[in-house]
Amino acid sequence: MARRLRLVGADFVETAPLRLVFAREVAAPPGAVFAALAEDVSGWSEWFSAVTLVRPTADGTGREVRLRGGTRFEETVLVSRAPEAYAYRADVTNAPGLRALVEEWRLTPAGEGTRVQWTFAADGTAVFRAALTLGRSGLGRAFRDAVTTLDRRLAAAPA
């Protein structure tokens, strides 16, 4: 059953009770990575294996997201600042125990490429927080695999 979550701002990334931060360097430049995150929203399912659907809503200020296993989100884009930051908040979900969620992607130049940092900032029940803490390594692996696949996809794209 879908539930409305607490509406938090972009600053929740710094204040959330649970913050998981992952980073990886890729060969693609920040502008290309940003375009894949913020402009080619429907392309996420091509490079992030946990994602089965992402589609823009509300004239691009929102997103509908579906994950493997049936989890769904209705999201609001909070920050879209090319080529350095993209963040969104989950407004509605069927994920049990979740109370608030903001995900932020920070992109910084790293030589010819990009350092991609993903922050998963959440609040939820004690059981939710414990499960997410235990699942940290799995989320980290999913992030690394997704960013590696995205980098390969960007390298193969016509210039």
Side-chain angles (χ1 to χ4, degrees), residues 1-24 26 32-82 84-107 116-154 157:
M1 174 180 300
R3 301 175 286 98
R4 183 156 295 283
L5 301 179
R6 189 169 81 241
L7 301 181
V8 294
D11 61 333
F12 187 67
V13 167
E14 301 300 327
T15 62
L18 181 61
R19 295 176 67 247
L20 303 177
V21 181
F22 307 98
R24 186 168 189 90
V26 298
V33 177
F34 181 85
L37 292 171
E39 297 165 16
D40 184 18
V41 172
S42 60
W44 279 55
S45 61
E46 300 292 322
W47 55 270
F48 208 129
S49 66
V51 174
T52 61
L53 170 95
V54 180
R55 70 176 186 88
T57 61
D59 294 325
T61 62
R63 300 166 16 127
E64 175 188 355
V65 178
R66 294 180 188 210
L67 304 179
R68 292 195 193 293
T71 304
R72 297 183 314 275
F73 296 96
E74 292 174 24
E75 300 174 339
T76 297
V77 175
L78 300 173
V79 177
S80 184
R81 189 173 53 252
E84 59 199 40
Y86 185 64
Y88 42 88
R89 171 189 65 222
D91 299 328
V92 176
T93 189
N94 64 343
L98 181 60
R99 293 184 183 138
L101 173 66
V102 172
E103 295 180 48
E104 177 190 68
W105 297 79
R106 287 238 169 238
L107 310 174
V116 180
Q117 178 179 294
W118 177 48
T119 302
F120 189 93
D123 187 17
T125 63
V127 171
F128 172 84
R129 289 192 316 266
L132 202 52
T133 300
L134 288 172
R136 177 185 177 80
S137 65
L139 265 179
R141 189 170 35 263
F143 165 77
R144 284 188 308 277
D145 292 350
V147 172
T148 299
T149 302
L150 175 60
D151 196 35
R152 282 190 206 119
R153 182 177 183 197
L154 293 174

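- Distance alone, capped at 3.5 Å, places no donor-acceptor pair between the R153 side chain and the T149 backbone.
- Side-chain contact between F73 and E103 is absent, with no heavy-atom pair separated by less than 4.5 Å.
- Within the 4.5 Å cutoff, side-chain heavy atoms of F22 are placed close to those of R136.
- Within the 4.5 Å cutoff, the side chain of T57 has no heavy atoms near those of the E74 side chain.
- Across all non-hydrogen atoms, the minimal contact from L5 to A90 is CD1-O, 3.6 Å.
- The distance from atom CZ of R19 to atom CD of E104, rounded to the nearest 0.5 Å, is 8.5 Å.
- Interatomic distance, T71 OG1 to N94 CG, rounded to the nearest 0.5 Å: 5.5 Å.
- Atom OG1 of T133 and atom CG of L139 lie 10.5 Å apart (nearest 0.5 Å).
- When all heavy atoms of A2 and V92 are compared, the closest pair comes out as CB-CG1, 3.7 Å.
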Item checked: Pair R24-T148, side chain to side chain donor-acceptor pair (under 3.5 Å): steps then yes or no -> CA-CA 9 Å; R24 186 168 189 90; T148 299; 3.1 Å; yes
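- Taking 4.5 Å as the limit, every side-chain heavy atom of E46 sits out of range of all side-chain heavy atoms of L150.
- Closest non-hydrogen pair, A38 versus S80, comes out as CB-OG, 3.9 Å.
- Closest approach of F34 and A82 over heavy atoms only: CE2-CB, 3.4 Å.
- Side chains of D91 and L7 form a contact here, defined as non-hydrogen atoms less than 4.5 Å apart.
- The line from CH2 of W47 to CG of D151 is 11.0 Å long, rounded to the nearest 0.5 Å.
- Checked against a 6.0 Å centroid threshold, the rings of Y86 and W105 do not count as neighbours.
- Residues L132 and F128 have side chains in contact (heavy-atom distance under 4.5 Å, counting atoms from C-beta outward).
- Here the shortest heavy-atom pairing between A36 and W44 reads O-NE1, 3.5 Å.
- Not a single donor-acceptor pair under 3.5 Å links the side chain of R89 to the backbone N or O of V102.
- Side-chain contact between L67 and V51: present, with at least one pair of heavy atoms (C-beta onward) separated by less than 4.5 Å.
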Take V8 and T15 through the test side-chain contact (heavy atoms from CB on, under 4.5 Å) and record every step on the way to the result. CA-CA 10 Å; V8 294; T15 62; over 6 Å; no
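- In terms of modelled atom types and a separation under 3.5 Å, the side chain of R3 and the main chain of L98 share a donor-acceptor contact.
- L101 places a side-chain heavy atom less than 4.5 Å from the side chain of F120.
- T93 contributes a side-chain N or O that, together with a main-chain N or O of R72, makes up a donor-acceptor pair within less than 3.5 Å.
- How far CZ of R144 is from OG of S137: 8.0 Å, rounded to the nearest 0.5 Å.
- Judged by distance alone, with hydrogens and angles left aside, the side-chain atoms of D123 form no donor-acceptor pair with the main-chain N or O of R99 at under 3.5 Å.
- For the pair R63 and Y88, the cation-pi criterion (under 6.0 Å, within 45° of the ring axis) is fulfilled.
- Of the possible donor and acceptor atoms, none in the side chain of R66 sits under 3.5 Å from a partner among the backbone N and O of L53.
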